[in-house]
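Report on the structure given below.
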Amino acid sequence: MQEMSDRLLNNKAAASIAWAVLLLPPSTAIFVILSKFSVLHPIQTISECFSMLTSATAIFSFILLCGVIIMVGFLNFEYYTVIPTIACSKIALFGQLLHPRQLVNSLVHCIMGMIVAWCSAVTIGFRYETLGHPCAQTDGYHQMCLNEYHLILLLGGAFVGFSHSLLGVIHNMNYVSFHTVQQYKYLRFKGCLPLVVKCSATQALYSVRNFIVVYYFLGYIPRTWICKTLNLHLGSSAHPLDSIAGLLDLSLLYHLWISATFLLFTWYITLLLFRIFLTEHIHFRLNPTDHQILVLSFPKFQFLALQDLALLSQHSPLRRCEVFSLSQPGGHPHNWNAISKECLSLLADLTQRLVAYHDTVATNGRAKSLSSGSERKTSSETSGTLISQKWLSIPLTAPFTPDLDSPFMSPALRRLAAPVEQGSPWYGTVQSPHIMRRVKNFLAKRVLIVYLFNKLPEASSQALFADSQAHIWALEGLSYLVQASFSEDQFGVVQTTLPSILSCMLVLQEAVDRHFKLPHASSKPVRSTSSMGDSTYKTLRFALRATLKTAIYRITTTFGDHLNAVQLSAEHRKRLQQFLEYKE
Amino acid sequence: MCSLALFPPPLPYGQTTVCESNNELLSGSSTEDQLKQDFSPPSLSFPRESLKLHSRTENSSKAAFLDHSETLWMRSAAAWRDGGLTGLLNEITNSHPEVPKWLSMSSGCILALLQWVSSFHGSLFPHLTLSSEDMIAEFSQVLNWSDCVVRAFAWHPHTDKFAVALLDDSIKIYNPKSATTPTLKHRLQRNVAVVQWKPLCASALAVGCQNCLLVWHVDPCSLSTRPSAGCAHVLSHPGHAPVTSIAWSPSGSLLVSASPMDTAMMVWDVAAESCVPLQRVGGGGVTFLSWSPDGSHVLASTPSALFRVWETRMWTCERWPCIKGRCQSGCWSPDGSRLLFTVQDEAVIYSLTFTNTPAAVPSGTSKGPHAAVVVADLSETTFSTPDGDIIVGGEIQSLAWDPRGERLAVLLKGDPRAADRSPIIAVFKTRVSPIFELLPCGFVQGEPGAEPRLMQFHPNFRHGALLTVCWSSGRITHVPFYFLSASIPRLGLSGSPTLPHVQERPADFANQSLFTEFIS
């Protein structure tokens, strides 16, 4: 089973990388045309482009680019996640950035950025082509001088690659979200293409701006180092490029920007294709020998299986019929039992998590409680769902993710975080400049600590609902199946579990309602549109709340007064009555 | 084919349609004659005088202040903020004494070029030159929208409450079971074109208006009469305004919205506030949307002579070019198998059938028919009444089909210039299965001088169908159609399809030629 799921995911990743490589020639051709274009000689440009594209160096650099794309695709596959890691404080974010795994990622991206930049330098040709060029010194000897234009392009590529990797962590770019709207792969790709172009152009602009600032101040360090190691001389004729006059070269800025755009565009396209291929709907077989796929789901597969469940329950009467069927010898509804058990345990897990969180908050964090990372671990273990630990928290950041009761957020620190009260003995009594300075230093340190350790608003709520896409599908799948059972379930297999489904949903509804009464839980996050990072995880809790209500309404609207015959506790019946009267 | 000539003549002057009972429309001399029934939703009236309208139409208060000379920079910045690039160019062109001659010349040239390009674009799609208010009026399902007191109306899909959008940009929610009448107002809620309640939800109301889409959450248990603006979520996408039509999926999970300015139709995941644009270039925009009750298809009409039918599993579409004009209105049968639609400048109703492929086949798209069939001819017909000849018929403004598929209401536009040709609602009796039938029922008329503007069927009226009509006078009335549902299959019909159905109808219809699928 494990091998099968791995093979399927590998195939998807390989297909996406293959498509990314196939799309490389057209994007390279556009890059060549844009980088060499001159308004005054359009025909000359075209002929130059043709001779360039057929030359040997172009083919060599093209092979290098293919290698880079394959590497990027591999990194995407290796680092992706369907449950985002949400940093609850700045220090946790730094922890993520400094994680060895992330450092490796950054380094590889840095090198790949440099390779792409070398390829684009060769492609652009002109003054960017080589690192050294012969120059005449004053005493008449010919020697090799450093070509700073080539160097700045290479460093720019490395910088853009590095910042791409950092932003990937900050914007959760490795998070793959599933769309509510199913579309064919080609149409989805076509729809997203303008966004990718826009994102890569704007991101390249920001990265190049930052790079120029960095190069202006620190550019001499790599330059002298390169000169020393390669025994090159500094050209004396031109402006050094880390001066204002040197950097105010429009053609240089344009070439920096266009090569950064090209780099980001090819990488984003790879990422986009990977996401599209990975989130594509897979049909699972549902026959009794195979139904373990939902029960023993392997982590990366569970989401795809749940997505399939939600879709089949909604769209395919034939497959619903299979769910409601009885096993041939024995007459047991194995399929339905497996599905309902798995979905209910998922929902119960979420309820438990929410109640535990609420208790922690209600006692103001004083009560001894587990950090949310490990708490989730225990609850998922007890309920039998197998969500990969790798998804839940990267080991190093685990102690940092909890916010309220993090080991760093001691009561003493909390007192420090509060502003100096006006009536306190500190206020107004401090006059000596010496003491003032000490206080200032102390405050500055404190501000830094507070900045690092203070929890980000809503982050804890987001972290709590990080994997809620699974719960949303479970709710949809269950409610659609129950709705269909009203007319399609011949043997009444659903009826036996209807009370537990209803009570599970109502308990969850209560827990979610209580959670949304907490501060920050119901505040809407700001949406950023011009980033390749997917911010769906920020609104998952709202989606879950809406889906939960709709799911309960779907059942009550279908069954109506028949629900009065279902065995429920008095409290749940009261709540259900609210739904039957459309008062929720 | 069913035509207006088969209809009973309109009521004499002063008579009002009260209800349908025992297969005939009953009339009374005033609205007070309404039969008292166990369920009677409130009949409301919004006189135009009672509304506090905006005294000014522009949103800038520039005209109220004295002219004040500012520097060129300040004026340019203001022009950029208010009018974008064209505003800036206009400002530079118009202030020649202060700017160098070459600058004003060149900006004048650029402005002329821009205008030329936009007029070229406008000549391809003439609707793009309309102002957003005119555009809503042009593509709205409401007759004469800009002059209408009640601009939009929506029944809640599961309960007896309804929302009414008024000329003063407020929305009121009436619930017969509750004494409070919440009034919804929002800064961005201007020129409401359409409202619709979310299915499988008690509280969410989507509002399509001039600049954006709003989703209100009106707590049914709350006693507040003015829910705060915090109860509304604003959904907007650049270039997607004005919103002229919205449709919730019957499962309540998605919302689609359309704007004639945007060639993409937006599919919103409302809770996550994210949208997926479904872009198709042909047509120049999307004007009207209708989601089939079974959730499998969405009708999307464009300002050109073209409409699309999307299937909602993989979101692919079929193109349906019309011969004459754009698709003005459409409605789906309850099982989603049949689409009735009307085309601008034509007085007929067309029908399309869709057979759902078994959903286990992953290929998604459903194979539809190859051409639409004309099922009703509503061209002008003269009725002689005691008050003189009345001409009824012509172009169709909107269609409404009751949720059981037994009554079809057609709002005829009439002719605003001719006094004897006022708008009127014609109602057909329909049957969807086993075969499609269309029979005349009668005309629905209001008080003297009141013209129908907007109509909608109650989504779950137990005794038949309940048609709610909003009149030009600001009154909202409900016309019940009492009948026993024929959804129980009768013997003989299913057995022999070649049996002429004409004979099975009541005797007074037996001698008329009616539309059934076999005759057409």
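Lettering of chains follows the sequences in order, A, B, ..., and the numbering in each one begins at 1.
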### Message
Taking side chain as everything from C-beta outward and backbone as N, CA, C, O, which of these in Thr557(A) sits under 4.5 Å from a heavy atom of chain B? Side chain, backbone, both or neither.
### Response
side chain
### Query
Which atom pair, heavy atoms only, marks the closest approach of Ala271(B) to Ala543(A)?
CB-CA, 3.5 Å
### Task
To the nearest 0.5 Å, tell me how far Lys198(B) NZ sits from Tyr553(A) OH.
10.5 Å
### Query
In Å, rounded to the nearest 0.5 Å, how long is the span from OG of Ser535(A) to CD of Glu273(B)?
10.5 Å
### Query
In Å and rounded to the nearest 0.5 Å, what is the CG to OG distance from Asp534(A) to Ser274(B)?
8.5 Å
### Query
Can you name the closest pair of heavy atoms from Ala202(B) and Glu584(A) and give their distance?
CB-O, 3.3 Å
### Query
Is the His156(B) ring parallel, tilted or perpendicular to the Tyr582(A) ring (thresholds 30°, 60°)?
perpendicular
For residues 515-522 of chain A, dump all side-chain donor-acceptor pairs below 3.5 Å to protein atoms at least two apart in sequence or in another chain.
| unit_1 | atom_1 | unit_2 | atom_2 | d |
| --- | --- | --- | --- | --- |
| His515(A) | NE2 | Ser461(A) | OG | 2.7 |

#### Entry: With Gln483(A) via side chain to side chain contact (heavy atoms under 4.5 Å, CB included) - residues at least two apart
Tyr480(A), Arg554(A), Thr558(A)
### Query
For Gln182(A) and Arg313(B), which heavy atoms make the closest approach, and how far apart are they?
CB-O, 3.3 Å
### Summary
When rounded to the nearest 0.5 Å, the distance separating OG of Ser251(B) from CD of Glu476(A) is 7.5 Å
### Query
Is any side-chain heavy atom of Val276(B) less than 4.5 Å from a side-chain heavy atom of Arg188(A)?
no
### Task
Would you name the heavy atoms of Gln183(A) and Trp315(B) that are closest together and state the gap between them?
CG-CB, 4.3 Å
## Note on the structure
Bottom line for Leu187(A): the part with an atom under 4.5 Å from chain B's heavy atoms is side chain
### Query
Looking at CD of Glu581(A) and NZ of Lys177(B), how far apart are the two atoms once the value is rounded to the nearest 0.5 Å?
7.0 Å
### Message
Heavy-atom count check: over 12 atoms from other residues, nucleotides or ligands less than 6.0 Å from Glu571(A) CD?
### Response
no
## Note on the structure
d(Thr550(A) OG1, Leu200(B) CG) to nearest 0.5 Å is 6.5 Å
